[in-house]
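Notes for the one structure printed next.
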Amino acid sequence: MMISRKLTVGSLKEKAKAMPDHSVIQKTVPSQLKRKPEKRAINKIKIIQNNKNYTVISNQKKSSLLDLALEQSQMLSYKCKKGSCGKCMVEVLSGASCLEAVTKQERETLKGNLERNYRLSCQAIVNCK
Ligand code: FES
């Protein structure tokens with residue numbers, strides 16, 4: 001003889017009430033097992049161009065300071081993107097350690113401004129690790 005049980009909405013509600021309260025279960029998990037969200041260092045490069053301050057946040061990709069700034073809607077002025085016009089020149093206020101070494105093209109275009117923390121944003125490569 002086969003016993004069949006008919007499920008109704010009411011019978012399911014009864015079982016739902018019998019289920020343990022999930023909030024109680026969460027409270028019983030030892031604190032050592034809970035994962036804390038990983039804190040990632042945010043590397044910011046603060047620059048100034050034409051008396052306007054900009055903050056560029058580096059990501060893990062290697063790209064020019066200008067491209068990164070434009071991706072982040074920081075509207076820096078530029079023209080050639082080849083390192084010859086000097087229009088993209090910025091003064092680095094902080095975060096210079098995230099920039100790769102000055103290129104030969106930058107040296108030629110910036111001349112005396114290198115000592116004053118100026119860089120060509122189209123040539124300066126952001127490489128924070
Ligand atoms: S845009 Fe011309 S030197 Fe950078």
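Both counts, for ligands and for their atoms, begin at 1 and track the order of listing.
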> Taking only heavy atoms of Gly86, which atoms of ligand 1 are found under 4.0 Å from at least one of them?
Replying inline: 2 (Fe), 3 (S)

>> Less than 6.0 angstrom from the centroid, inside 45 degrees of the normal: does Lys81 satisfy that with respect to the ring of Tyr78?
In response: yes

> With atoms numbered from 1 as shown, which atoms in ligand 1 lie under 4.0 angstrom from a non-hydrogen atom of Lys81?
Replying inline: 1 (S), 2 (Fe)

> In ligand 1, which numbered atoms sit nearer than 4.0 Å to a non-hydrogen atom of Gly83?
Replying inline: 3 (S)

> Within Cys88, is some N, O or S atom less than 2.8 Å away from atom 4 (Fe) of ligand 1?
Replying inline: yes

> Which ligand 1 atoms, with their elements, are less than 4.0 angstrom from a heavy-atom of Cys122?
Replying inline: 1 (S), 3 (S), 4 (Fe)

>> To the closest 0.5 Å, what do you measure between CD (Gln123) and CD (Glu108)?
In response: 10.5 Å

> Within less than 2.8 Å of atom 2 (Fe) of ligand 1, any N, O or S from Cys85?
Replying inline: yes

>> Please report the interatomic distance OG1(Thr55) to CD(Gln72), rounded to the nearest 0.5 Å.
In response: 9.5 Å

> Is there a side-chain contact between Leu99 and Ile125 (heavy atoms, below 4.5 Å)?
Replying inline: no

>> So, taking the atom named CG in Asn59 and the one named CG in Asn43, what distance separates them when rounded to the nearest 0.5 Å?
In response: 10.5 Å

>> Closer than 4.0 Å to some heavy atom of Tyr78 - which atoms of ligand 1 meet that?
In response: 1 (S)

> Taking heavy atoms and a distance under 4.0 Å, where does Ser84 meet ligand 1: side chain, backbone, both or neither?
Replying inline: backbone

> Is a salt bridge present between Glu91 and Arg116, judged by a nitrogen-to-oxygen distance below 4.0 Å?
Replying inline: no

>> So, 2.8 Å as the limit: is an N/O/S atom of Cys80 located closer than that to atom 4 (Fe) of ligand 1?
In response: no

> With the 4.5 Å side-chain cut-off for hydrophobic clustering, are Met89 and Leu66 part of the same group?
Replying inline: no

